[in-house]
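One is the number of the first residue; the rest follow in order along the sequence.
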Amino acid sequence: MSQPLKGRVALVAGASRGAGRGIAVELGAVGATVYVTGRTTREQRSEYDRPETIEDTADLVTEAGGHGIAVPTDHLEPDQVRVLVDRIADEQGRLDVLVNDVWGGEKLFGWDTPIWEHDLDKGLRLLRLAVETHAITSHHALPLLLRHPGGLVVEMTDGTADYNRDHYRNSFFYDLAKASVLRMAFALGHELGPRGATALALTPGWLRSEMMLDGFGVREDNWRDALTQVPHFAISETPRYVGRAVAALAADPDVARFNGASLSSGGLAQEYGFTDLDGSRPDAWRYLVEVQDAGKPADTTGYR
């Protein structure tokens with residue numbers, strides 16, 4: 001297997017599960033050394049109370065062909081992030097890819113709940129987890145990333161800039177969080193571009209994360225059983241799909257053409273030619289606009 005990122009170093013912040021885990025594994029598959037961080041370890045769980053751990057993710061990275069290193073880190077704590085980056089600098093002397101994927105907000109927002117009815121503490125906690133963590137991590141990590149030209153920062157969000165501009169996303173707090181991350185990528189692109197690095201925003205489509213599968217009462221091997229409940233779930237994708245998008249971006253010597261842009265896994269699959277684990281190329285955001293939001297019956301023909 002080709003390993004174009006052999007000798008490169010990545011930090012995936014928020015890699016316990018979901019997109020972060022998929023990204024870390026696919027970066028490992030192309031040879032990278034990947035530091036995986038989060039708050040859930042084999043000794044202690046976060047408030048999510050989920051079984052997935054950063055150690056499990058690191059093992060998957062190594063099994064894929066890279067070198068996974070798990071470092072427990074609360075990215076709301078600047079001192080912990082500073083220690084993390086100092087460790088990467090001491091052990092590797094470089095950082096080539098930073099993926100800001102910290103989220104942690106699934107249990108903190110109410111669907112279609114106006115701000116005056118929404119739990120304020122939960123809403124503000126969501127913003128801290130989704131926005132402040134990214135800012136803290138970039139503050140501490142970017143000087144190391146800028147030591148060598150060609151660095152890449154990926155801001156993970158939900159929705160493209162075009163889609164989120166025209167659609168209300170679940171609640172005031174959720175909408176604001178995802179819009180903020182999109183703007184972060186734009187701002188970082190402005191600051192990093194002249195210094196030889198690239199920043200961009202990336203969204204998966206309808207993600208078959210561990211939590212999503214559990215919510216539908218299915219597993220990855222029988223996920224289509226959920227289509228009886230939600231037929232449009234047919235456009236969904238594995239976390240490895242967006243992971244392959246990040247791996248392709250990180251290996252692209254011309255990635256700077258995307259500086260400041262908002263991208264999607266489905267769009268990048270068309271650009272780079274990678275597929276999801278089943279060999280398909282789901283294009284969820286085009287599907288959402290042209291099929292689901294248009295009120296048409298579920299039919300993924302031409303969209304995966």
For this session: Not counting sequence neighbours, which residues clear side chain to side chain contact (heavy atoms under 4.5 Å, CB included) with A251? List them please.
Result: P4, L5

Exercise. Taking only residues two or more places apart in sequence or in another chain, which ones pass salt bridge (charged side-chain N to carboxylate O under 4.0 Å, His left out) with E63?
Worked result: none

For this session: Check step by step if side chain to side chain contact (heavy atoms under 4.5 Å, CB included) holds for R219 and N222.
Result: CA-CA 5 Å; R219 306 175 305 277; N222 70 337; 3.5 Å; yes

Problem set entry | S262 side-chain N/O to T160 backbone N/O, donor-acceptor pair under 3.5 Å | no

Exercise. Do F258 and V246 share a hydrophobic cluster, counting only Ile, Leu, Val, Met, Phe, Trp and Tyr and linking them when any side-chain heavy atoms are less than 4.5 Å apart?
Worked result: yes

For this session: For residues E52 and R50, report the shortest heavy-atom separation together with the two atoms involved.
Result: OE2-NH2, 2.7 Å

For this session: Answer yes or no: is there a side-chain heavy-atom contact under 4.5 Å between I54 and T37?
Result: no

For this session: Could you tell me which residues satisfy side chain to side chain contact (heavy atoms under 4.5 Å, CB included) with T53, sequence neighbours excluded, listed by chain and number?
Result: T40, R42, E55, D56

In a table with atom names and distances, give each donor-acceptor pair under 3.5 Å that connects a side chain of residues 145-157 to protein atoms at least two apart or in another chain.
from	atom 1	to	atom 2	distance (Å)
E155	OE1	H134	ND1	2.6
E155	OE2	N100	ND2	2.8
T157	OG1	K178	O	3.2

Exercise. What closest approach, in Å, do L27 and A247 show between heavy atoms, and which atom pair accounts for it?
Worked result: CD2-CA, 4.0 Å

Problem set entry | salt bridge (charged side-chain N to carboxylate O under 4.0 Å, His left out) involving D74 - partner list, sequence neighbours excluded | none

Exercise. So L277 and E220, side chain to side chain contact (heavy atoms under 4.5 Å, CB included) or not? Walk me through it.
Worked result: CA-CA 11 Å; L277 297 180; E220 179 56 33; 5.9 Å; no

Problem set entry | Side-chain touch L268/L202, heavy atoms, less than 4.5 angstrom | yes

Exercise. Would you say T137 and T73 make side-chain contact, with heavy atoms under 4.5 Å?
Worked result: no

For this session: For the pair W103 and L126, evaluate side chain to side chain contact (heavy atoms under 4.5 Å, CB included) and give the outcome as yes or no after the intermediate values.
Result: CA-CA 8 Å; W103 164 229; L126 183 153; 3.9 Å; yes

Problem set entry | Residues forming a ring-ring contact (aromatic ring centres under 6.0 Å, His included) with H118, sequence neighbours excluded | F173

Problem set entry | Crowding at NZ, K6 (>12 non-hydrogen neighbours, <6.0 Å) | no

For this session: Report yes or no: do E237 and S265 form a side-chain donor-acceptor pair below 3.5 Å?
Result: yes

Exercise. Under 6.0 Å from the CD atom of Q44, do we count more than 12 heavy atoms belonging to anything else shown?
Worked result: no

Exercise. So, R304 side chain and S236 main chain: donor-acceptor pair closer than 3.5 Å or not?
Worked result: yes

Exercise. How about S280 and D278: does a side-chain donor come under 3.5 Å of a side-chain acceptor?
Worked result: yes

Exercise. L95 and side chain to side chain contact (heavy atoms under 4.5 Å, CB included): which partner among L144, V85, L142?
Worked result: L144

For this session: Could you tell me whether R169 atom CZ has more than 12 heavy atoms of other residues or ligands within 6.0 Å of it?
Result: yes

Exercise. So, Q80 side chain and H75 main chain: donor-acceptor pair closer than 3.5 Å or not?
Worked result: no

Exercise. For Y163, what residues pass the ring-ring contact (aromatic ring centres under 6.0 Å, His included) criterion, not counting sequence neighbours?
Worked result: H167, W285

Problem set entry | All salt bridge (charged side-chain N to carboxylate O under 4.0 Å, His left out) counterparts of R8, not counting sequence neighbours | none

Exercise. Counting distance only, does the side-chain N/O of N164 pair as donor-acceptor with the main-chain N or O of D158 below 3.5 Å?
Worked result: yes

For this session: Determine yes or no for a side-chain-to-main-chain donor-acceptor pair under 3.5 angstrom, with T300 supplying the side chain and Y303 the backbone.
Result: no

For this session: Describe, in one word, how the ring planes of W206 and F216 are oriented to each other, choosing from parallel (under 30°), tilted (30 to 60°) and perpendicular (over 60°).
Result: tilted

For this session: Identify, with sequence neighbours excluded, every residue that meets ring-ring contact (aromatic ring centres under 6.0 Å, His included) alongside Y241.
Result: F274

For this session: Would you please name every residue forming a side chain to side chain contact (heavy atoms under 4.5 Å, CB included) with L227, sequence neighbours left out?
Result: W223, R224, F233, A234

Exercise. Side chains of H232 and V291: closer than 4.5 Å at any heavy-atom pair?
Worked result: yes

Exercise. Do L207 and V218 belong together in a cluster built from hydrophobic side chains that touch within less than 4.5 Å?
Worked result: no

For this session: Name all pairs fulfilling the side-chain hydrogen bond (donor to acceptor under 3.5 Å, both in side chains) condition that reach into residues 247-260, sequence neighbours left out, sorted by first residue then second.
Result: D252-R257, D252-Y272, R257-E271

For this session: Please check if the side chain of D119 supplies one atom and the backbone of K122 the other of a donor-acceptor pair under 3.5 Å.
Result: yes

Exercise. Is there a donor-acceptor pair under 3.5 Å between the side chain of D96 and the backbone N or O of V9?
Worked result: yes

Exercise. Considering residues at least two apart in sequence or located in another chain, which fulfil the side chain to side chain contact (heavy atoms under 4.5 Å, CB included) criterion with W116?
Worked result: P114

Exercise. Hey, any chance I235 and V242 share a hydrophobic cluster, counting ILVMFWY side chains that come within less than 4.5 Å of each other, even indirectly?
Worked result: no

Exercise. Y48 and side chain to side chain donor-acceptor pair (under 3.5 Å): which partner among E106, R17, K107?
Worked result: E106

Exercise. So E290 and K296, salt bridge (charged side-chain N to carboxylate O under 4.0 Å, His left out) or not? Walk me through it.
Worked result: CA-CA 8 Å; E290 298 176 5; K296 297 179 182 178; over 6 Å; no

Exercise. Is a side-chain donor or acceptor of S138 paired with a backbone partner of A135 at a separation under 3.5 angstrom?
Worked result: no

Exercise. What about V71 and I88, same hydrophobic cluster or not, with Ile/Leu/Val/Met/Phe/Trp/Tyr joined at side-chain heavy-atom distances under 4.5 Å?
Worked result: yes

Exercise. What is the minimum heavy-atom distance between V289 and D293, and which atoms define it?
Worked result: O-CB, 4.0 Å

Exercise. Do L76 and E132 touch side chain to side chain, with heavy atoms closer than 4.5 Å?
Worked result: yes

For this session: Give a yes or no on whether L127 and W111 share a hydrophobic cluster (residues Ile, Leu, Val, Met, Phe, Trp, Tyr; joining criterion: side-chain heavy atoms under 4.5 Å apart).
Result: yes

For this session: Determine yes or no for a side-chain-to-main-chain donor-acceptor pair under 3.5 angstrom, with D175 supplying the side chain and F172 the backbone.
Result: no

For this session: Applying salt bridge (charged side-chain N to carboxylate O under 4.0 Å, His left out), run through D86 and R82 and close with a yes or a no.
Result: CA-CA 6 Å; D86 286 348; R82 177 183 51 78; 3.8 Å; yes

For this session: Under the salt bridge (charged side-chain N to carboxylate O under 4.0 Å, His left out) rule, what do D162 and R165 come out as? Steps first, then yes or no, please.
Result: CA-CA 5 Å; D162 286 344; R165 182 188 61 238; 3.1 Å; yes

For this session: Can you see which heavy atom on G18 is nearest to which on P239, and at what distance?
Result: O-CB, 3.3 Å

Exercise. Step by step, would you call V131 with M184 a side chain to side chain contact (heavy atoms under 4.5 Å, CB included)?
Worked result: CA-CA 9 Å; V131 179; M184 278 188 192; 3.2 Å; yes

For this session: Determine whether L249 and L263 make a side-chain contact, defined as any pair of heavy atoms from C-beta on separated by less than 4.5 Å.
Result: yes

